[in-house]
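When a ligand or atom number is given, it counts from 1 through the structure's own listing order.
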Amino acid sequence: MSTAFERFDHGPVTFYRVTRKVPGNRPMRVGIYVVDGVMIDTGPQRSREAVAAILQEESIQQVLLTHHHEDHLGNAAFVARETGARPWIHPVGQPLAAKPERLPLYRRLYWGQHSAVDTQPLGDTFETDNYCFRVIHTPGHAPDHIVLHEESQEWLFGGDLYLTDRVERAFAYEDISLLIESIRSALAIPDCELFCQHTGRHMSHQHQIGKKLDRLLGLRNKAIVHLEEGRSIREIASALGIPDKAHKWISGGEWSSEHLVRGLLRDADRLD
Ligand SMILES: [Zn+2]
């Protein structure tokens with residue numbers, strides 16, 4: 001496995017992207033933003049050296065976590081130690097950051113096991129020297145997930161809300177109904193540049209996140225038809241063109257298209 005590291009400058013916003021290459025699998029990417037002295041997310045534990053290099057380059061005054069997952073919070077304890085900044089997180093994430101779960105093997109291999117970190121609770125707004133961000137709770141992907149809206153700059157820091165508009169699978173812990181609700185609340189925001197933690201900058205959050213909502217609702221409608229025809233969850237996933245192969249096996253069943261199908265059917269009140 002190897003880790004590559006790149007820097008992208010978007011005016012006052014810098015995106016540092018970490019790429020993990022695992023033999024036989026697609027590269028996995030995740031990033032860290034730095035804006036106005038704030039580090040947004042801290043990358044996975046396995047990118048520690050890259051994060052140490054960012055700290056040499058940037059003067060970090062505050063640390064903010066979009067949610068508690070290991071590819072975002074992985075170096076939070078390290079960065080807190082190095083900078084003296086106590087990371088901010090949604091209050092729901094505080095106990096999760098203080099007592100991290102033991103990760104399944106594939107996540108330990110990809111991102112590394114993170115250690116506990118002491119955090120402080122985000123309120124409704126988050127201020128830096130030059131900007132004021134509205135903090136919007138957007139659960140679904142994770143219970144503590146937030147996005148940040150800077151109205152005067154027309155920026156939306158989307159955490160993991162977007163990720164992709166070609167959704168093919170979900171994690172067992174995701175709540176698809178809440179995710180759809182959160183996507184709708186993000187779409188109620190006037191159009192912004194989108195800063196996604198995994199895929200970087202996009203010019204229009206309405207366009208990207210709107211495509212994701214269309215995809216989810218399209219899959220949901222088709223899944224309902226297949227369910228009414230008597231197909232099983234597994235058969236529905238195949239019929240939708242998202243059969244589970246390697247991912248389900250690698251993740252020990254935690255990450256699969258069947259979870260997505262179940263979540264969509266639950267959202268439509270077709271499953272308990
Ligand atoms: Zn996540």
Side-chain angles (χ1 to χ4, degrees), residues 15-20 22 25-33 39-47 51 63-77 79 87-97 99-104 106-115 117 119 122 135-148 156-183 185-186 194-200 202 205 208-209 212 216 247 250-252 254-257 259-260 263:
F15 181 47
Y16 293 92
R17 187 172 74 181
V18 177
T19 303
R20 293 275 298 152
V22 182
N25 220 318
R26 272 192 315 184
M28 304 271 271
R29 297 196 168 95
V30 64
I32 293 167
Y33 286 99
M39 180 179 269
I40 301 176
D41 288 341
T42 62
Q45 185 268 337
R46 290 191 187 278
S47 64
V51 174
V63 180
L64 189 152
L65 302 166
T66 61
H67 60 300
H68 72 284
H69 288 162
E70 70 274 14
D71 44 339
H72 302 259
L73 177 142
N75 296 298
V79 174
W88 298 89
I89 196 167
H90 187 274
V92 170
Q94 286 194 283
L96 303 167
K99 207 167 180 260
E101 58 171 331
R102 170 94 174 139
L103 299 174
Y106 79 106
R107 287 164 66 186
R108 291 207 300 276
L109 289 175
Y110 266 128
W111 304 126
Q113 178 70 47
H114 52 299
S115 45
V117 59
T119 56
L122 280 166
V135 177
I136 305 165
H137 188 209
T138 45
H141 171 69
D144 59 336
H145 191 279
I146 57 112
V147 299
L148 298 164
L156 187 72
F157 287 87
D160 281 357
L161 188 67
Y162 169 62
L163 291 177
T164 177
D165 48 66
R166 290 165 52 199
V167 189
E168 294 187 328
R169 56 189 71 86
F171 291 96
Y173 51 74
E174 289 183 303
D175 183 321
I176 301 300
S177 291
L178 280 179
L179 178 66
I180 289 174
E181 217 175 283
S182 292
I183 286 174
S185 65
L194 171 67
F195 295 101
C196 170
Q197 288 300 142
H198 287 264
T199 59
H202 302 269
H205 94 279
Q208 299 302 137
I209 295 179
K212 178 164 181 168
L216 288 169
H247 299 91
I250 289 167
S251 70
E254 188 185 49
W255 190 31
S256 75
S257 54
H259 290 311
L260 178 63

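Taking the six-membered ring for Trp and the full ring otherwise, the centers of His114 and His72 sit at least 6.0 Å from each other. Between Tyr173 and His69, the gap from one ring centroid to the other is short of 6.0 Å.
Here Asp160 reaches the Zn ion (ligand 1): one of its N/O/S atoms is less than 2.8 Å from the metal. At least one N/O/S atom of His69, from backbone or side chain, sits under 2.8 Å from the Zn ion (ligand 1). Note on His72: not counted as a metal contact of the Zn ion (ligand 1), no N/O/S atom lying under 2.8 Å.
Looking at Arg169 and Val167, their side chains never come closer than 4.5 Å, going by heavy atoms from C-beta outward. Side-chain atoms of Gln94 and Ile89, non-hydrogen and from C-beta on, do get closer than 4.5 Å to each other.
Here the N, O or S atom of His141 that is nearest to the Zn ion (ligand 1) is NE2. When you scan the N, O or S atoms of His67 for the one nearest the Zn ion (ligand 1), you land on NE2.
Applying ring pair (Phe, Tyr, Trp, His ring centres under 6.0 Å) to Trp255 and the options Tyr106, Tyr110, Phe171 leaves one that passes, Phe171.
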